[in-house]
Protein chains: 2
Amino acid sequence: MLPYKELARLDKLVHEPARLAVLTALSACTLAEFLFLQELTGLTKGNLSSHLAKLEKGGLVAIDKHFLRKKIPQTTIRITSEGRAAVENHWKQLDSIYATIQQQGAHSDKQSPRNGS
Amino acid sequence: MLPYKELARLDKLVHEPARLAVLTALSACTLAEFLFLQELTGLTKGNLSSHLAKLEKGGLVAIDKHFLRKKIPQTTIRITSEGRAAVENHWKQLDSIYATIQQQGAHSDKQSPRNGS
DNA sequence: AATAACCAGTTTGCGATATAGACTTTATTT
DNA sequence: AAATAAAGTCTATATCGCAAACTGGTTATT
């Protein structure tokens with residue numbers, strides 16, 4: 001498949017910047033607390049919460065809530081094996097496409113991007 | 001800046017898959033016709049048209065229309081120097097972030113993604 | 001005790017977005 | 001003449017990303 005077609009078809013659940021940041025951060029650790037993830041990514045609480053819900057719905061993360069104190073929640077998030085595969089595959093796809101387009105070089109003909117395959 | 005924070009702040013005008021495909025394709029050639037771009041990316045005409053409008057508005061592409069026949073347009077698209085810089089920089093950012101997270105390795109501690117700087 | 005401030009996270013409303021089918025006007029084919 | 005196709009834009013729709021408002025609690029202050 002043409003790299004451009006492949007690009008246009010990237011999985012948006014993973015590709016969206018905020019979620020790509022979350023998944024990438026989570027793939028670098030075993031477990032993360034909500035506040036820690038918020039700090040790592042710079043997202044607002046509302047934003048992070050929405051994105052985590054989307055990722056959980058997509059099966060890419062698992063969310064646990066427990067209560068260390070009476071009723072104060074503490075939410076921890078893990079990436080699932082499906083999520084880990086998805087984000088690693090995503091980065092590999094991007095890397096592969098980038099390598100392909102770099103082989104084409106800067107000089108190019110009118111309306112004729114070369115395929116570096 | 002933490003790579004995750006940088007990820008979450010990626011420029012969405014460029015990062016959106018359809019537009020990343022368009023800009024990347026255009027950076028590999030001097031000029032492209034609308035239909036050719038449509039073929040390269042696999043987008044529908046309506047979709048491609050909307051994305052091109054957005055890119056033009058953002059100054060990343062220039063669109064020319066001429067009429068080979070009476071009133072049937074023939075649209076050609078060029079990437080601007082600003083657009084070329086934007087998409088190249090975008091790919092470099094992704095590549096750099098990817099290299100950074102790869103240095104962290106697969107093994108990681110609970111809630112402690114290491115920074116590979 | 002009453003009140004205020006803070007906490008961790010969710011919910012909500014809003015403006016923006018991506019998408020493809022409908023549309024326009026002309027050319028080509030039957 | 002009628003039917004179909006062309007090149008691209010316009011439009012309606014569903015979904016999205018976002019942060020402020022909210023919730024149900026705890027802690028701090030008066």
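First the proteins, then the strands, lettered A, B, ... as listed; each starts at 1.
- Side-chain N or O atoms of B:Thr80 include one that pairs as donor or acceptor with a backbone N or O of B:Gly59 at under 3.5 Å.
- In this structure, CD of A:Glu16 is placed 10 Å from P of C:dA18, rounded to the nearest angstrom.
- Protein atom CG of B:Leu20 is 16 Å distant from nucleotide atom C1' of C:dA18, rounded to whole Å.
- Applying side chain to side chain contact (heavy atoms under 4.5 Å, CB included) to B:His90 and the options B:Leu10, B:Leu23, B:Thr24, B:Asp95 leaves one that passes, B:Leu10.
- What separates NZ of B:Lys54 from C1' of D:dC10 is a distance of 16 Å, to the nearest Å.
- Residue contacts shown for B:Ser49 include a base, since a base heavy atom lies under 4.0 Å away.
- In terms of position along DNA chain D, the nucleotide closest to B:Leu35 lies nearer the 5' end than the nucleotide closest to the other residue of the pair B:Asn47 and B:Leu35.
- Ring planes of A:Trp91 and B:Tyr98: parallel class, angle under 30° (limits at 30 and 60°).
- Looking only at atom types and distance, the side chain of B:Asp11 has no donor-acceptor partner in the side chain of B:His15 under 3.5 Å away.
- Of the listed nucleotides (D:dG8, C:dT10, C:dT11), D:dG8 has the atom at the smallest distance from the side chain of B:Gln74.
- Taking atom CZ of B:Arg9 as the reference point, atom C1' of D:dA19 lies 15 Å away to the nearest angstrom.
- Counting non-hydrogen atoms under 4.0 angstrom, B:Thr44 reaches a base of the nucleic acid.
- When rounded to the nearest whole Å, the span between CD1 of A:Ile77 and C1' of C:dG9 equals 10 Å.
- Of the residues near DNA chain C, A:Ala8 and A:Ile63, the one whose nearest nucleotide (by heavy atom distance) lies more toward the 5' end is A:Ile63.
- For A:Phe34, the side-chain atoms get nearest to C:dG9 when compared with the rest of C:dT17, C:dG9, C:dT19.
- We find that CG of B:Leu52 is positioned 16 Å from C1' of C:dA20, with the value rounded to whole Å.
- Distances from the side chain of B:His51 to the nucleotides D:dC18, D:dT11, C:dA18 place C:dA18 closest.
- Of all nucleotides listed (C:dT17, D:dT11, D:dA19), D:dT11 comes nearest to the side chain of B:Ser50.
- In terms of phosphate contacts, A:Lys65 brings a side-chain nitrogen or oxygen within less than 4.0 Å of OP1 or OP2 of C:dT10.
- Between B:Lys12 and D:dC18 there is a side-chain N or O to OP1 or OP2 distance below 4.0 Å.
- At distances below 3.5 Å, not a single donor-acceptor pair connects side-chain atoms of B:Arg9 with backbone N or O atoms of A:Gly42.
- Taking only side-chain atoms of A:Lys45, from C-beta outward, the nucleotide of D:dG17, C:dG9, D:dG8 with the closest atom is C:dG9.
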